[in-house]
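What follows is one structure encoded as structure tokens, with my remarks underneath.
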Amino acid sequence: MAELKAPRGTIDRFPPYSERCEHVIKCFVDACRAHDYRIVHTPTFEDTRLFTRGVGESTDIVMKEMYSFKDKKGRDLSLRPEMTAGVIRALIEAGRRYTGQIEKLAYYGPMFRYDRPQKGRYREFFQVGIEAIGDTSPYLDVDVILLGWDYLLNLGIKPDDMVVIVNSIGDAEDRKTYLKILREHLKKVEDELCDDCKSRLDTNTLRVFDCKNPKCKELVSDAPRPLKHISSANREHFDIVIKMLESFGINYRIDEDIVRGLDYYTHTVFEVFPTGEEEASQGALLGGGRYDGLFATLSNGELDFPAVGFASGVERVLEAVDWDSQDKKAISELDFYVVILGDNAKSQAYKIVRKLQQWGFSADIDYRAGKLKSQFKRSEARNAKSIMIIGDDEINAGIVKFKPSKDKEIELSLSCFDMENPPDEIMSPP
RNA sequence: GUGGCUGUAGCUCAGCUGGUUAGAGCGCCAGGUUGUGGCCCUGGAGGCCGUGGGUUCGACUCCCAUCAGCCACCCCA
């Protein structure tokens with residue numbers, strides 16, 4: 001066993017896994033293109049204060065999951081645990097001013113959280129996500145949800161196999177009044193709550209709704225819910241979101257208990273689950289919501305733009321995809337495997353490989369040569385679509401032998417050594 | 001961060017209550033077949049039994065530590 005190992009919670013990605021990851025990202029990018037969201041890149045590490053202020057001091061992410069370090073000049077930096085705060089910071093820093101246009105941005109890349117690893121949960125993981133900035137319209141919330149939906153559809157996940165769980169937690173004002181009501185309610189039963197919930201009461205009150213402790217569940221079950229205490233304007237916003245989801249035939253369910261653990265969320269919050277797996281701990285395919293106050297928080301109130309977005313964990317989504325049906329799109333295929341017989345065929349064979357590559361095909365050649373049988377076996381291992389055979393006989397005759405893999409009976413002789421363009425036979429094999 | 005399960009060949013796993021040279025299937029390589037792949041037969045390579053310490057005449061097996069993976073929490077993607 002090697003003494004040098006990948007650090008805990010990190011993974012090496014080899015084919016075909018690596019290609020499946022790329023495919024998930026590609027399906028995401030395709031959906032972004034359809035909705036006109038364009039790619040943004042921001043640094044993988046940022047000033048630590050960006051996250052303590054943006055994500056929230058009392059969140060688990062900031063309290064115990066950040067990879068924080070000092071650089072050689074003593075600057076406090078952290079590997080990004082999520083990307084929303086970074087994107088907003090970048091926009092503020094770029095001095096963007098919005099004159100009514102909407103900024104629609106998409107991203108993908110590695111994120112870092114010092115969490116205890118499990119399946120679908122890594123310390124370095126890939127996330128894809130979007131941010132739609134500059135409009136309070138509920139239709140933009142819907143656009144964000146639909147983009148996420150389309151991305152999952154692109155991966156071959158059936159509409160009936162997914163469900164959007166939605167809720168609204170209102171704006172900052174709603175939240176302040178609601179939290180007061182909720183705390184008052186919980187104070188009455190404080191002694192009976194579990195230790196976690198007792199500490200949550202003051203720091204992250206909303207999270208009591210997520211407690212799995214049966215006693216807490218019971219006590220919390222008749223607590224007031226945020227959705228019932230938001231302003232009528234905000235309720236109307238939420239109703240439009242619901243109405244639109246309904247009109248598009250999206251599978252959805254309102255769940256008044258979902259609240260999101262990052263401080264910046266406001267109004268609409270949502271998660272998408274595989275149907276029937278809404279309780280699974282790492283089961284959410286994506287999660288997001290509105291964060292209308294984040295600009296103000298990160299710009300000391302100088303700028304104040306509304307925004308909405310989602311993020312999705314690539315390794316988790318990967319688990320929900322039916323790869324038997326997707327692999328032919330995901331895994332890169334080799335068009336030609338060139339088999340050679342005898343050392344003196346190598347240089348001539350390589351000329352054919354070059355031609356194939358320049359004609360736009362993928363082609364590999366087995367320089368180890370050796371027995372035909374071994375070379376054929378290697379071509380199978382690589383799943384090559386066709387085989388070219390080049391030996392002394394072929395060179396003398398000025399031809400190559402061409403065999404499509406799927407029918408071993410077929411063998412054509414092609415004289416393509418001097419051809420400028422690919423012969424018809426390989427463009428449309430028999 | 002808390003609690004629990006696991007760690008033997010590239011992969012999936014056997015290895016009984018401690019006892020000689022640690023096994024199987026699949027895969028890989030070679031030969032049967034020195035120019036034609038999926039089958040078959042034969043042979044071969046490959047393990048400090050996760051790592052370090054301890055108990056013992058003797059440890060893959062028991063104890064401790066450590067590392068890693070997984071599960072349930074916590075939380076999130």
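A note on names: the letters A, B, ... follow the listed sequences, proteins ahead of strands, and every chain is numbered from 1.
Remark: the Arg354(A) side chain and the Gln357(A) side chain contain an N/O donor-acceptor pair separated by less than 3.5 Å. A donor atom on one side chain and an acceptor atom on the other are not found under 3.5 Å apart for Asp255(A) and Asn167(A). For the residue pair Asn251(A) / Asp160(A), no side-chain donor-acceptor distance below 3.5 Å is found, with atom types taken as modelled. At a cut-off of 3.5 Å, with distance as the only test, no side-chain donor of Asp161(A) or Thr275(A) sits close to an acceptor on the other residue. Side-chain atoms of Glu19(A) and Ser332(A) form a donor-acceptor pair, as typed in the model, at a separation below 3.5 Å. Side chains of Ser312(A) and Tyr151(A): a donor-acceptor N/O pair is present below 3.5 angstrom, by distance only.
G38(B) atom P lies 13 Å from atom CD of Glu409(A), rounded to whole Å. The OH-C1' distance, from Tyr67(A) to G1(B), rounds to 14 Å in whole Å. For the pair Leu4(A) CG and U51(B) P, the computed distance is 16 Å after rounding to whole Å. Taking atom CD1 of Ile11(A) as the reference point, atom C1' of A77(B) lies 13 Å away to the nearest angstrom. Rounded to whole angstrom, the span from the CD1 atom of Ile410(A) across to the P atom of U36(B) amounts to 19 Å. Rounded to whole angstrom, the span from the NZ atom of Lys401(A) across to the P atom of G35(B) amounts to 12 Å. Counting to the nearest Å, the P atom of A77(B) and the CD atom of Gln282(A) are 12 Å from each other. Rounded to whole Å, the distance from CG on Asp115(A) to C1' on C71(B) is 14 Å.
Residue contacts for Gly148(A): at a heavy-atom cut-off of 4.0 Å it reaches no nucleic acid atom on any strand shown. In this structure, Glu394(A) reaches the bases: a heavy-atom distance under 4.0 Å links it to at least one base atom across the strands shown. Heavy atoms of Leu262(A) sit under 4.0 angstrom from primed sugar atoms or phosphate atoms, though from no base atom. When heavy atoms are screened at a 4.0 angstrom cut-off, Tyr122(A) is found touching base atoms of the nucleic acid. When heavy atoms are screened at a 4.0 angstrom cut-off, Leu286(A) is found touching the sugar-phosphate backbone but no base atom. Lys408(A) comes within 4.0 angstrom of a nucleotide base, judged by non-hydrogen atoms across all strands. Contact annotation for Glu271(A): no contact, since no heavy-atom pair falls under 4.0 Å across all strands.
Between G1(B), C70(B), G35(B), one nucleotide has an atom nearer to the side chain of Lys119(A) than all others, and that is C70(B). Listed candidates were C70(B), U36(B), C74(B). Nearest to the side chain of Asp60(A) is C74(B). In this structure, the nucleotide among G37(B), A77(B), C70(B) sitting nearest to the side chain of Pro117(A) is C70(B). Closest to the side chain of Ser405(A), from the set U36(B), G1(B), G37(B), is G37(B). The listed nucleotides are C74(B), A30(B), G3(B); the one nearest the side chain of Arg378(A) is A30(B). Distances from the side chain of Lys403(A) to the nucleotides G1(B), G37(B), G35(B) place G37(B) closest.
A donor and an acceptor atom never sit less than 3.5 Å apart when one is taken from the side chain of Gln375(A) and the other from the base of U36(B). Taking 3.5 Å as the limit, the base of G3(B) and the side chain of Arg116(A) contain a donor-acceptor pair of atoms between them.
In this structure, CZ in Phe126(A) is found 15.0 Å from CZ in Arg316(A), a value given to the nearest 0.5 Å. To the nearest 0.5 angstrom, Glu246(A) atom CD is 3.5 Å from Tyr252(A) atom OH. Separation of atoms SG (Cys416(A)) and CE (Met388(A)) is listed at 5.0 Å; rounding is to 0.5 Å. Note that CZ of Arg290(A) and CG of Leu140(A) are 6.0 Å apart. Values are rounded to the nearest 0.5 Å.
Going from the P atom of U55(B) to that of A14(B) covers 31 Å, rounded to whole Å. For G25(B) and C62(B), the C1' atoms lie 30 Å apart once the distance is rounded to whole Å. Nucleotides G15(B) and U6(B), compared at atom P, are 13 Å apart to the nearest Å. For the P atom pair drawn from C28(B) and G69(B), the interatomic distance equals 29 Å after rounding to whole Å. Nucleotides U61(B) and G3(B) have their C1' atoms positioned 27 Å apart, rounded to a whole Å. Taking the C1' atom of each, C48(B) and C60(B) are spaced 12 Å apart, rounded to whole Å. When the C1' atom is used for both G27(B) and A65(B), the distance is 36 Å, rounded to whole Å.
Between Tyr108(A) and His41(A), the angle of the ring planes goes over 60°, which puts this pair in the perpendicular group of the 30/60° scheme.
Ranked by how close their nearest RNA chain B nucleotide is to the 5' end, Phe376(A) and Phe126(A) are led by Phe376(A). Ranked by how close their nearest RNA chain B nucleotide is to the 5' end, Arg316(A) and Ile389(A) are led by Ile389(A).
Residue Glu315(A) is tested with Arg123(A), Lys119(A), Arg13(A), Arg121(A) for a salt bridge (Lys or Arg N to Asp or Glu O under 4.0 Å); the sole match is Arg13(A).
You'll find the side chain of Glu411(A) stays beyond 4.5 Å of the side chain of Phe402(A), heavy atoms only.
Side-chain atoms of Trp323(A) come within 3.5 Å of backbone N or O of Leu318(A) as a donor-acceptor pair.
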Polar-atom pairs under 3.5 Å, protein N or O versus N or O of nucleotides 31-33 of chain B: list them with distances, or write none.
| from | atom 1 | to | atom 2 | distance (Å) |
| --- | --- | --- | --- | --- |
| G32(B) | O6 | Lys373(A) | NZ | 2.8 |

Dump the pairs, protein N or O against N or O of nucleotides 64-67 of chain B, anything under 3.5 Å, distances to one decimal.
| from | atom 1 | to | atom 2 | distance (Å) |
| --- | --- | --- | --- | --- |
| C67(B) | O2' | Lys5(A) | NZ | 3.4 |

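Using a 4.0 Å cut-off, some side-chain N or O of Gln118(A) falls inside it from OP1 or OP2 of A72(B).
Counting only Watson-Crick and G-U wobble pairs whose two distances sit under 3.5 Å, RNA chain B takes part in these stems of three or more pairs: B:1-7 with B:67-73, B:10-13 with B:23-26, B:28-32 with B:40-44, B:50-54 with B:62-66.
Shown here for Ala106(A) and Tyr37(A), the closest heavy-atom pair between the two residues is CB-CB, 4.2 Å.
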